[in-house]
Every structure is written in C-alpha cells, then in structure tokens.
Amino acid sequence: MLLFSLLVAACTGFLKRLGGSTPVDALLAGGTAFGGTALLCLAIVPTIQQLRRRQ
C-alpha cells in the first residue's frame with residue numbers, strides 16, 4: 001500500500017511540475033496525493049474483510 005501511495009505521489013508531483021507549477025506546489029500536491037491514497041487503501045482493506053465475513 002505504501003509503495004502504491006508513493007508511486008501515485010511521485011506521478012502527481014511530476015505531472016504537476018510539468019504543468020508549470022513551482023517545486024513547492026508540486027511537492028504539496030504529491031504529499032496530498034500520498035495521504036489521500038494511503039487513507040483510501042487503509043480504508044478499503046477492513047471493508048473487504050468485513051464483506052468476506054458476511055458471505
């Protein structure tokens with residue numbers, strides 16, 4: 001999950017920088033993407049486990 005979040009963050013920062021943003025803006029966008037992806041991954045795992053228990 002962390003590696004996937006890092007990949008999303010790196011791609012987001014890279015694309016943001018290619019779009020003409022400053023390095024600080026690209027870093028903030030990458031950090032936001034990392035946090036959002038990590039939280040989404042952490043929320044999905046327990047949800048899938050509960051769905052499997054009900055079946």
Side-chain angles (χ1 to χ4, degrees):
M1 289 187 294
L2 289 177
L3 288 176
F4 179 68
S5 297
L6 283 173
L7 177 66
V8 170
C11 290
T12 302
F14 182 69
L15 290 173
K16 186 85 171 171
R17 184 70 177 129
L18 282 179
S21 296
T22 63
V24 173
D25 287 339
L27 186 64
L28 287 173
T32 303
F34 175 81
T37 306
L39 285 174
L40 183 63
C41 287
L42 288 173
I44 287 174
V45 171
T47 303
I48 291 174
Q49 288 177 346
Q50 282 192 348
L51 287 174
R52 285 184 180 174
R53 287 183 195 155
R54 289 185 180 190
Q55 293 179 354

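- To the nearest 0.5 angstrom, Leu27 atom CG is 11.5 Å from Arg17 atom CZ.
- Residues Met1 and Val45 approach most closely at SD-CG2, 3.9 Å, considering heavy atoms.
- For the pair Pro46 and Leu42, the tightest heavy-atom approach, listed with the atom from each and the gap, is CD-O, 2.9 Å.
- In terms of heavy-atom proximity, Lys16 sits nearest to Ala26 at CG-CA, 3.8 Å.
- When all heavy atoms are compared, the tightest approach of Thr12 to Ala29 is CG2-O, 3.8 Å.
- Note that OG1 of Thr22 and CG of Leu28 are 8.0 Å apart. Values are rounded to the nearest 0.5 Å.
- When side chains are defined from C-beta on, Val8 does not count as touching Phe34, because their heavy atoms never get closer than 4.5 Å.
- Surrounding CG of Leu18 are more than 12 heavy atoms belonging to other residues, nucleotides or ligands, all under 6.0 Å away.
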